[in-house]
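These notes concern the structure reproduced below.
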Amino acid sequence: MNEFMKRAVDLAVRNVKQGGAPFGAVMTRNGQIVSESVNENHKVYDVTSHAEIVAIRRLQEKEQTNNLAGTTLYASAEPCPMCLAAMYFAGINNIYYCSSIEEGVQAGFTKPQIIYEDLAKPNEERQIVMKQIPLEAGKDNPITLWANQASQPQS
């Protein structure tokens, strides 16, 4: 196990001992730690406060950017769909994890597997109902307005 994965696991262990979930994340660039975190769900009422997302937020805030290309993320466990999506949006190049989704399921963390399975289904077959409500004719379409701007921010 390399030093960065060891740090992510150590953070997760410490978090468990402090009443939190067993998840830690370390972000690196050019062989240096640039951000790290643990799940903070036990401290804040925010379902998005997973270790990976908190580490991403901290680095984006520090660097005042949404583009984290060139970074690597080490996670104590395989990222859930929400965290993985955030990594895609942030442009993170490499992700390494220790425990698998299957190990998490065995320990009682079933939501990531359920969500991954649900996302593979068509909208109408998912557990959460998703239906499109088309824009009324003549209304400004925010997507079209954004696409027509001369300078578009990266998302």
Side-chain angles (χ1 to χ4, degrees), residues 1-16 18 20-105 107 109-123 126 128 130 132 135 140-155:
M1 179 179 307
N2 78 17
E3 66 179 296
F4 305 124
M5 184 61 75
K6 182 179 180 326
R7 176 69 180 155
V9 171
D10 288 347
L11 287 168
V13 167
R14 185 174 68 200
N15 202 43
V16 169
Q18 294 175 350
F23 306 108
V26 171
M27 296 183 68
T28 66
R29 184 184 292 121
N30 300 323
Q32 301 294 317
I33 294 176
V34 291
S35 186
E36 62 182 27
S37 186
V38 296
N39 267 46
E40 295 182 348
N41 295 38
H42 64 296
K43 295 178 182 177
V44 298
Y45 296 100
D46 178 357
V47 297
T48 68
S49 64
H50 289 195
E52 300 92 331
I53 292 194
V54 175
I56 290 168
R57 283 181 186 147
R58 287 179 180 164
L59 186 56
Q60 287 179 324
E61 177 67 24
K62 176 182 167 186
E63 296 184 352
Q64 294 292 289
T65 184
N66 289 322
N67 184 353
L68 299 180
T71 61
T72 298
L73 192 138
Y74 296 84
S76 62
E78 188 172 353
C80 75
M82 174 181 65
C83 293
L84 183 59
M87 293 174 207
Y88 272 99
F89 277 106
I92 295 170
N93 299 91
N94 296 290
I95 304 164
Y96 297 96
Y97 62 90
C98 194
S99 298
S100 68
I101 292 283
E102 293 76 20
E103 290 173 285
V105 168
F109 292 100
T110 58
K111 283 187 183 178
Q113 181 179 7
I114 291 168
I115 295 168
Y116 274 125
E117 290 170 359
D118 213 41
L119 288 173
K121 298 175 186 175
N123 284 354
R126 293 182 184 161
I128 295 177
M130 288 180 52
Q132 182 180 17
L135 190 64
D140 280 341
N141 183 323
I143 298 293
T144 303
L145 290 172
W146 182 84
N148 291 332
Q149 289 179 352
S151 153
Q152 300 169 0
Q154 295 296 313
S155 57

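All figures in this text were calculated on a predicted structure; none of them were measured in a lab.
Using a 4.5 Å cut-off on side-chain heavy atoms (C-beta onward), Gln18 and Val38 make no contact. The side-chain heavy atoms of Thr48 and Met82, taken from C-beta on, include a pair separated by under 4.5 Å. You'll find the side chain of Pro112 reaches within 4.5 Å of the side chain of Pro81, heavy atoms only. Using a 4.5 Å heavy-atom threshold, the side chains of Asn67 and Gln60 count as separate. Side-chain contact between Asn2 and Tyr74: present, with at least one pair of heavy atoms (C-beta onward) separated by less than 4.5 Å. Between Ile56 and Ile92, some side-chain heavy-atom pair lies under the 4.5 Å cut-off. The closest side-chain heavy-atom distance from Pro79 to Met87 is below 4.5 Å. Residues Cys80 and His50 have side chains in contact (heavy-atom distance under 4.5 Å, counting atoms from C-beta outward).
To the nearest 0.5 Å, atoms CG (Asn123) and CE (Met130) are separated by 4.5 Å. One distance of note links OG1 of Thr144 with CD of Gln149; it measures 11.5 Å at 0.5 Å rounding. Here CG of Leu84 is found 12.0 Å from CD1 of Ile115. Values are rounded to the nearest 0.5 Å. A distance of 11.5 Å separates CD1 in Ile143 from CG in Asn148, rounded to the nearest 0.5 Å. Between atom CD1 of residue Ile128 and atom CG of residue Asp118 there is a gap of 7.0 Å, rounded to the nearest 0.5 Å. Of the inter-residue distances, the one linking Met27 atom CE with Leu73 atom CG reads 5.5 Å to the nearest 0.5 angstrom.
Between the Thr28 side chain and the Gly31 main chain, no donor and acceptor come within less than 3.5 Å of each other. Side chain of Ser49 to backbone of Asn41: a donor-acceptor contact under 3.5 angstrom is found. Under the 3.5 Å distance criterion, the side-chain polar atoms of Gln64 are matched with a main-chain donor or acceptor of Glu61. Judged purely by atom type and a 3.5 angstrom limit, Arg126 uses its side chain to pair as donor or acceptor with the backbone of Lys121. Between the side chain of Asn39 and the backbone N or O of Ala51 there is at least one donor-acceptor pair closer than 3.5 Å. Proximity of a side-chain donor or acceptor of Asn93 to a complementary backbone N or O of Gly70 within less than 3.5 Å is detected.
Between Arg57 and Glu52 there is no salt bridge, since none of the side-chain N atoms of the basic residue sits less than 4.0 Å from a carboxylate O of the acidic one. A salt bridge between Asp10 and Arg7 is absent, with no side-chain N of the basic residue lying under 4.0 Å from a carboxylate O of the acidic one.
Nearest heavy-atom pair across Cys98 and Ser76 is CB-O, 3.2 Å. Heavy-atom minimum distance, Ala55 versus Ser37: N-CB, 3.7 Å. Nearest heavy atoms, Ala8 versus Val26: N-CG2, 3.6 Å. The shortest heavy-atom contact between Gln32 and Phe4 is N-CZ, 4.4 Å.
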Original post:
Please walk me through it: do Asn66 and Phe89 pass side-chain contact (heavy atoms from CB on, under 4.5 Å)?
Top reply: CA-CA 8 Å; Asn66 289 322; Phe89 277 106; over 6 Å; no
**OP:** Kindly determine whether Asn15 and His42 satisfy side-chain contact (heavy atoms from CB on, under 4.5 Å), including the steps that lead there.
**Re:** CA-CA 10 Å; Asn15 202 43; His42 64 296; 3.2 Å; yes
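If you run salt bridge (Lys or Arg N to Asp or Glu O under 4.0 Å) between Arg58 and each of Glu40, Glu36, Glu63, only Glu40 comes through.
Aromatic ring centroids of Phe109 and Phe23 lie under 6.0 Å apart.
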